[in-house]
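Below you'll find the structure, written out as structure tokens, and then a few comments.
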Amino acid sequence: MQKLKRFAVLFAMMFVVGVIAACGQTDGEDDETNAESDTTEQANESNSGDSGEAEAVTGTVKLAGSSTVFPIMEYATYEFTQENPEVNTPLESIGSGGGFERSTKGEIDFSNASRPIKDEEKAIAEENGIELIETVLAYDGLSVVVSQKNDFLEELTVEQLRDIFLAERENKKWSDIDSSWPDEEIVIYSPGHDSGTFDYFNEVILEEKPMREGEGVTLSEDDNLLVRGIQDDPYAIGYFGYAYYLENQDTLKALAIDGGDGPVAPNGDTIQDGSYSPLSRPLFTYINKASLEENKAVQAFTEFLFTGAAGAGAEQVGYVPLTEDEYQSQLKELQAIYQ
Amino acid sequence: MTNLNKDTWSKKLKQRLRKNKVFHALFFISTSIGLIVLAMLLYRVLSQGMDTLSFDFVKNFPAPYPERAGIFAGLIGSLYLMGIVAVFSIVVGISTAIYLEEYAPKGKMTSFIQSNIQNLAGVPSVVFGLLGLTIFVYVMGFDYSLLSGGLTMSLLVLPIIVVAAQEAIRSVPKELREASAGMGATKWQTILRVILPAALPGMITGSILALSRAIGETAPLLVVGATAAIYTLPDSVFGSYTVMPIQIYSWISRPGDEWPLLAAAGIIVLLVVLLLMNAVAVYIRNKFQQRY
């Protein structure tokens, strides 16, 4: 009986504390929302007074989507909240498709994507009365890599890539494709089916036909695992974002890809000017038009993003930023919507 | 004893002794596999993460720079989440167990419920995520909040708690029950004054172990909206949050040599919290357990 009482008291205390904490927090939230509307009013006033610096932005900017775009946005939100500590910026990393699932319902403000929006996703957005504005944050050069120990490959044509990766070509050994290549099994490392990187490769190289699977093929969502697999195997080949190649240049070799106009190796210049084709791809974020019009925090973050943060964020992770002018012109178009 | 051939006899004996030795070794190896894996895991995590682990790491929010990134948001988020899960799942779980063991008529219906609860314990966790998304996020309108995450996790661990609590109630000797009834106590009086005090340690132990499972789960929370980067703590149960496993996963998969080290440090923090919870479970069991 004694013991039960002790337990009961403990439990009651836990419960009461929990409830009080919850209530206290809700009160706090109410206060904050009040405070928020106050400051928004103030911000409006100061806006009319045209004193740009002093206004404290409050509110929430919701971001979700591609894990490829995640590092850029993490950089941007981090630096933004350093300057605007009153703004909440929950950022989720749930894949391009997951992001569109939220944004087409109007649940988030920024939908990060490593591929353009699909028609069926557009249709859902229209159905829900949501308008999404496409913007480009940076470029990524999808790099096809082999180990430094590989001594027979320096470049590949798109056709040869198909020979290697397509299931229907049924090539198991390097010598099956080119007789001057070694008589060894091809070992493939590829991002998994949920990744936008796989989607992109599948679309531009494989043209949506099934990739080889099963023996000799490793699929993983963890790009670092792909790197480790390829590093030490002279007969392995794989592909992933340029950033992962940059971090592992000492053990990996990025192949020059011939898309019809001669082989081009991925680097900052060739990715930015698009000559590393067809594997250089833009990284997007789709902005919800309604929140851009109404939400001061979204506007402030957009301005922050396109005046340096996107470029710096991209550079920090190893993507290739756009030119200053390209950011500026995108920002102007966006500002035209709410100014 | 002339029938007994000494040669066959000693041969048989040797054979049996040998067999015994083989199985002894086999079982020992089986036991060590688990231990070796655990030791390797600990060694790897500790050797990678110890240098990165610091007070700053524990109190910093995530950041795009490895040297400034920390697990604070995840740690606090996980603790808040566990608070919600504990309140909801322990209350509902123990109540369910009491109903099933004490009040429910023994029949087809009860055994149907019983076996379904056990089935529920085997459902993949991401399915609970989808369930939580539909019920808590959309139907009940809690949005992608700490509350939705907590309730989803509660559903996930509920079956484990129910089963553990049932076991605890069943282990209370029949004589105690009968004695209580013999004194003229009602069912509720018996439950409150006899069965619960005897069964509570087992129930609490089971519940804490169930919570330890919840604290390491990622999949369902990704579905109901745990963030990967957030620089504020949740301001209410309706706030945005992140938890440690999601933070760790986000670090592991990034390009760069420093990030996996951060992930290892994160795993150490997660393990410490987990071990603390398990220690509490063991303490409660040892302190309050009665043997009949």
Side-chain angles (χ1 to χ4, degrees), chain A residues 1-8 11 14-15 18-19 21-22 24-29 32 60 62-64 67 70-79 81-82 85 87-94 98 102 107-108 221-225 227 240-241 243-248 313 316-318, chain B residues 61-65 68-69 80 83-84 86-88 90-91 137-138 143-147 192-201 203-204 222-223 225-232 234-242 246 249-250 252-260 263 284 287-288 290:
Chain A
M1 202 57 218
Q2 271 280 255
K3 271 169 200 153
L4 177 66
K5 266 193 189 144
R6 235 182 292 163
F7 267 122
F11 252 53
M14 269 169 68
F15 198 77
V19 168
Q25 276 158 351
T26 344
D27 288 352
E29 194 198 21
E32 254 172 58
T60 305
K62 292 183 188 166
L63 313 96
S67 55
F70 173 78
I72 302 181
M73 280 307 198
E74 190 193 34
Y75 176 86
T77 51
Y78 179 80
E79 294 296 343
T81 49
Q82 298 288 309
V87 180
N88 233 333
T89 57
L91 166 60
E92 291 171 53
S93 174
I94 51 179
R102 302 265 177 94
E107 292 173 345
I108 51 173
E221 304 291 343
D222 180 358
D223 294 290
N224 285 325
L225 195 132
V227 169
F240 35 70
Y244 289 89
Y245 162 66
L246 266 191
E247 284 288 340
N248 297 285
Q316 209 217 2
V317 243
Chain B
F61 282 98
Y65 316 101
R68 264 189 254 164
Y80 279 0
I84 294 176
V87 168
F88 185 79
I90 294 181
V91 169
V137 177
Y138 290 135
D143 210 3
Y144 297 96
S145 63
L146 188 59
L147 186 61
L192 189 67
R193 299 191 186 160
V194 177
I195 295 173
L196 272 185
L200 255 181
M203 290 175 170
I204 300 294
L222 278 178
V223 183
T227 62
I230 188 162
Y231 315 107
T232 48
D235 50 7
S236 75
V237 288
F238 295 109
S240 299
Y241 65 102
T242 187
I246 288 185
Y249 181 72
S250 139
I252 283 181
S253 51
R254 301 178 70 141
D257 295 336
E258 304 94 340
W259 293 109
I284 289 179
K287 176 118 183 149
F288 297 103
Q290 290 169 337

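Letters go in sequence order (proteins before strands), and every chain restarts at 1. Values below: all heavy atoms of this structure, side chains included; hydrogens, waters and symmetry mates excluded.
Among residues two or more places apart in sequence or in another chain, the side chain to side chain donor-acceptor pair (under 3.5 Å) test is passed with A:E79 by B:Y65. Residues satisfying the ring-ring contact (aromatic ring centres under 6.0 Å, His included) test with A:Y75, not counting sequence neighbours, are none.
Using a 4.5 Å cut-off between heavy atoms, B:Y144 touches chain A through its side chain atoms alone. Only the side chain of A:T81 comes within contact range of chain B, judged by heavy atoms closer than 4.5 Å. Neither the backbone nor the side chain of B:Y241 comes within contact range of chain A; no heavy atom of the residue lies under 4.5 Å from a heavy atom of that chain. Contact of A:E74 with chain B is made through backbone and side chain together, with heavy-atom distances under 4.5 Å.
Chain B forms more heavy-atom pairs under 4.5 Å with one residue of A:N88, A:I94, A:V87 than with any other, namely A:N88. Interface remark: of the candidates A:P90, A:G318, A:G241, A:P90 forms the most heavy-atom pairs closer than 4.5 Å to chain B. Note on B:G225, B:S250, B:G83, B:P260: by heavy-atom pairs under 4.5 Å with chain A, the leading option is B:G225. For the options A:L63, A:T77, A:D223, heavy-atom pairs under 4.5 Å to chain B are most numerous at A:T77.
A:E92 approaches B:T227 most closely through the heavy-atom pair CG-CA, 3.6 Å.
For the pair B:R68 and A:Y78, the cation does not sit on the ring face, since its NZ or CZ is not both under 6.0 Å from the ring centre and inside 45° of the axis.
Atoms CZ and CG, from A:F240 and A:D222 in turn, are 11.0 Å apart once rounded to the nearest 0.5 Å.
Contact annotation: the side chain of A:Q82 never approaches that of B:Y231 to less than 4.5 Å [non-hydrogen atoms, C-beta and beyond].
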